[in-house]
Amino acid sequence: VAQAVFVCAAMGNAGGCFADDPAASEASAAQAARPADPTGTEQVAPRPQQSQSQVNREEEVQEAEQRRLEQERTKIAEQQRQAAELSAERQRLQEEREREEAAAAAALAEKEAQQAKETAAKAEKQEELKRLLEETRRQMLSVSEGGKKNRYGDQSTMPEWREGVNVPTVGLINPSSGGKAGNDILKVCRRTPYYDTRFFDILAVVKGQKRGGMMDLFRSELQAVKEAAARMGARPRLVSGGGDGTASFALFIVFKALQANSDRADEGLADTGNGFIWTNEEMEDFFPALAQLPLGSANDLGNILGWGQKYPGDASGPQGIPIPCRGGPNSASSALHRWFSAVIDPKTRISNFDCWGMMPEGDSDSCDFKICELATHKNGNLVAKVDGKGQLAMQPAGLPVPFLICLYFGLGLFGYVVSRFQLNRHETPIANRLEYVKQFRKVILGSNPPQLQRRNEGLRVDCDGKRKFPTKDDKDARNYREVGFLNINWMGHGLHGSSDGACCRCAIPDPVRFDDGQMDFFVVKGVRTFVQNPGTVLRTSKQSDMQVTFTAPKGKGIFFQYDGEARFAFHPDGKPFSFHIRRVVKMPVVIGPFVNQRLTGKLSDGPVKFEFCGDTPAQVEQVRRRIFKFLKAPDAPDGLASELLATKEELAKAGFPLA
């Protein structure tokens, strides 16, 4: 009963547990209707027995309630467990986030510290480079005025250079050229603002390639003139002072200065994607236009470009330059002043100029021959008896390595004459011209050394894919002394070319042109050539390239000359060798006030720009690779010098007498 009452109470129905049982209800009502027993002795009537169904039902209700309560407890426990897990996960995530934030903060702090360290190191390196450049500049400006009297006077200066008016210009001058006129000009530059820091001794630049040296200083000035030229919408200019070979030397210096260096990318030498620190567009628009200052013997390039055949202020005066007060103290200075005024004048014309190169055959990256130089024997003679025969002595060739050809190229006689002249140079241009004549006469009248074939025997030249020389059979080559081409219409102080065979330079209807993308091929039999075609004009033919093949026994080779420099080509094992000459660069040049268009032809009016040349993208890329090989150090195993310049061992292997 107590349990039933408890159940009823739990169900919220106390006193009504048996409302569904009529008998129980009547009994309960009767009990309530009876009066209370005042004695308290009234006996409670026995409760009627519950039916089994009721008991079962109650038990079912209890069990259901217990199950419900158990489910509630289980649910609450599950919720509590999930809440605990969620709280733990949140705590874990919070701790992990805090650790990550701490790690990120530490990494950021470390990165910032590293960046600060690198920035400080970079600033220190830049400051160090700045100090080195300032020291190099100080040394350059401290050139002594002592020594021989300056031919331009002790007070002479260059023309004033005005910002935004005159064209930004740099200079590379050989101080030894022109009987050391180059040194006098550099001294005048040193005492003139603007010129003092932008005109360089070209020999000092090529020797000063260490960090902070002359090459770095020249690069900084080249960058400065490019930026100044860009502001005024002009192309900067480069004065190349020296002999005819100085032009290609100056090009080497400019290429070297603009070459990228990944180890010094943070110092302004980062690669722009083409191997240079200037983009292709910058190279095209701002590669400096070359003005040739004639300080050599022949000065063919300076003359054809209109800058005179003699240096400004020479005692006899450059061609076409009147010198006021001839013999007066200021005449040389005035000539120099006018010459440089024309260079920096924005009205002075610039033009395109073709530059050719000695390239490997086909798509190869290397040539299959070696190069050396003529030397004197121990007795001082050029030809001495060895094994009973008058023989030539050879020596390893010096720099520059043959590659760029700006003026002309020849195989045979002229190369031999120039090789002999190079060993007998003099200090004055007139003495050098006389030496050329002397050596030419000796070669013509002398016997043929065993190191040479009979004239050009063994030589074959193909142009535009067709055989060009010899025209008959191979033996016919022995009848010719010289085979080559002209790029400018002036060679050896007086020879010219014309594809129509005109005989005098006063009227050359179709002259050699330096901006037409073609070489002017010629052959020379000897005196007979000039007798059959009287005058100083060679009969030429326009060609786009020149494939050279030479075949000779071991111990023989062939002399060649390019731009007034001469070398001797051979194969150490006596095998045939070949190379390909084609246009590699189109560059801008400055046209002087004394240009003779009867010799140059009408200059092109097309756009002037710098570019690497080739008929296909692959050929252009081959030129680029060749230039970078050209720029490598002489001792670099993958450089052009290692490829072409013969060692003493290779000379001995070929059987040549050594100096």
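No donor-acceptor contact under 3.5 angstrom links the side chains of Glu643 and Ser366, judged on distance only. In the model, Gln391 has a side-chain atom that pairs as donor or acceptor with a side-chain atom of Gln451 under 3.5 Å. Under 3.5 Å, the side chains of His571 and Asp368 contain no donor-acceptor pair of N or O atoms. Looking only at atom types and distance, the side chain of Gln543 has a donor-acceptor partner in the side chain of Ser541 under 3.5 Å away. Judged purely by distance below 3.5 Å, without hydrogens or angles, the side chains of Gln622 and Arg582 pair a donor atom with an acceptor atom. For Gln561 and Glu565, the side-chain atoms include no donor-acceptor pair closer than 3.5 Å. Inspection of the Ser544 and Gln518 side chains reveals no N or O donor paired with an N or O acceptor under 3.5 Å.
When the shell of 6.0 Å around CG of Asp363 is examined, it contains 12 or fewer heavy atoms from other residues, nucleotides or ligands. The local environment of NZ in Lys180 is sparse, with at most 12 non-hydrogen atoms from other residues, nucleotides or ligands closer than 6.0 Å. Taking a 6.0 Å sphere around NZ of Lys554, one finds it holds more than 12 heavy atoms contributed by other residues, nucleotides or ligands.
Remark: aromatic rings of Phe521 and Phe485 are distant, center separation not under 6.0 Å. If you look at Tyr562 and Tyr408, their ring centroids are not closer than 6.0 Å. A ring-centre distance under 6.0 Å is found for Phe287 and Phe255. Between Phe276 and Phe628, the distance separating the two ring centers is shorter than 6.0 angstrom. Annotation: Phe570 is in aromatic contact with Phe656 [ring centroid separation under 6.0 Å].
Between Phe630 and Phe252, the ring-plane angle classifies as perpendicular under the 30° and 60° cut-offs. Taking the six-membered ring where the residue is Trp, Phe610 and Phe612 present perpendicular rings, their angle passing 60° and hence far from 30°.
Under a 3.5 Å cut-off, the side chain of Asn352 and the backbone N or O of Asp515 do not form any donor-acceptor pair. The backbone N or O of His496 sits nowhere less than 3.5 Å from a side-chain atom of Asn489 that would complete a donor-acceptor pair. Here the side chain of Asp244 pairs a donor or acceptor atom with the backbone of Asp300 at under 3.5 angstrom. Formation of a donor-acceptor pair under 3.5 Å by the Thr272 side chain with backbone atoms of Trp278 is found in this model. A donor-acceptor contact shorter than 3.5 Å links the side chain of Ser142 to the backbone of Arg138. A distance-only check finds no donor-acceptor pair linking the side chain of Arg567 to the backbone of Pro402 [under 3.5 Å]. Under the 3.5 Å distance criterion, the side-chain polar atoms of Glu611 are left unmatched by any main-chain donor or acceptor of Asn280. A distance-only check finds a donor-acceptor pair linking the side chain of Asn448 to the backbone of Leu452 [under 3.5 Å]. Judged by distance alone, the side chain of Glu457 and the main-chain N or O of Gln453 form no donor-acceptor pair under 3.5 Å. The main-chain N or O of Pro175 is never found under 3.5 Å from a side-chain atom of Asn183 such that the two would form a donor-acceptor pair.
A distance of 7.0 Å separates CG in Leu382 from OG1 in Thr376, rounded to the nearest 0.5 Å. Summarising the geometry, atom CG belonging to Leu392 is positioned 5.5 Å from atom CZ belonging to Phe559; distances are rounded to the nearest 0.5 Å. The CD atom of Gln259 sits 7.0 Å away from the NZ atom of Lys632 when rounded to the nearest 0.5 Å. The line from CG of Leu644 to SG of Cys372 is 12.0 Å long, rounded to the nearest 0.5 Å. The line from CD of Glu373 to CG of Leu645 is 8.5 Å long, rounded to the nearest 0.5 Å. Here the CD1-CG distance, from Ile488 to Asp563, works out to 8.0 Å after rounding to the nearest 0.5 Å.
When side chains are defined from C-beta on, Asn432 counts as touching Phe421, because their heavy atoms get closer than 4.5 Å. A heavy-atom distance below 4.5 Å is not found between the side chains of Leu413 and Asn456. Pro236 has its side chain within reach of Phe286: a pair of non-hydrogen atoms, C-beta onward, lies under 4.5 Å apart. When side chains are defined from C-beta on, Leu222 counts as touching Leu258, because their heavy atoms get closer than 4.5 Å. Under the 4.5 Å side-chain criterion, counting only non-hydrogen atoms from C-beta, Cys355 is not in contact with Phe514.
Looking at Arg513 and Asp354, no side-chain N of the basic residue comes within less than 4.0 Å of a carboxylate O on the acidic one, giving no salt bridge. Under 4.0 Å is where a charged nitrogen must lie from a carboxylate oxygen, and between Arg219 and Glu267 no such pair does. With respect to Asp638 and Lys629, no salt bridge is recorded, no charged nitrogen being found less than 4.0 Å from a carboxylate O.
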Stepwise side-chain contact (heavy atoms from CB on, under 4.5 Å) test for Trp490 and Val512: CA-CA 9 Å; Trp490 197 283; Val512 178; over 6 Å; no

Salt bridge (Lys or Arg N to Asp or Glu O under 4.0 Å) evaluation trace for Asp216 with Arg264: CA-CA 11 Å; Asp216 280 358; Arg264 298 181 60 189; 2.8 Å; yes

Step-by-step side-chain contact (heavy atoms from CB on, under 4.5 Å) determination, Val170 to Lys226: CA-CA 10 Å; Val170 292; Lys226 185 203 79 168; over 6 Å; no

Verdict with reasoning, Arg460 to Asp462, per salt bridge (Lys or Arg N to Asp or Glu O under 4.0 Å): CA-CA 7 Å; Arg460 171 172 173 164; Asp462 293 81; 2.9 Å; yes

Stepwise salt bridge (Lys or Arg N to Asp or Glu O under 4.0 Å) check, Glu621 with Arg626: CA-CA 9 Å; Glu621 185 57 32; Arg626 196 69 175 172; over 6 Å; no

Trp356 vs Met519, side-chain contact (heavy atoms from CB on, under 4.5 Å): CA-CA, chis, key distance, verdict: CA-CA 9 Å; Trp356 305 79; Met519 60 173 63; 3.7 Å; yes

Trace of the salt bridge (Lys or Arg N to Asp or Glu O under 4.0 Å) decision for Asp184 with Lys148: CA-CA 9 Å; Asp184 288 346; Lys148 292 183 178 180; over 6 Å; no

Residues Ile581, Met359; criterion side-chain contact (heavy atoms from CB on, under 4.5 Å); working and verdict: CA-CA 6 Å; Ile581 299 179; Met359 299 289 293; over 6 Å; no

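In terms of heavy atoms, Val205 sits closest to Met214 at CA-CB, 3.7 Å. Of all heavy-atom pairs spanning Asp201 and Leu203, the tightest one is OD1-N, 2.9 Å. Glu482 and Gly410 make their closest contact through OE2-CA, 3.0 Å (heavy atoms, listed as atom of the first residue, atom of the second, distance). Closest approach of Gly415 and Ala566 over heavy atoms only: O-CB, 3.4 Å. Nearest heavy atoms, His377 versus Val383: CD2-C, 3.9 Å. What you find for Gly275 and Asp271 is that their closest heavy atoms are N-OD1, 2.8 Å.
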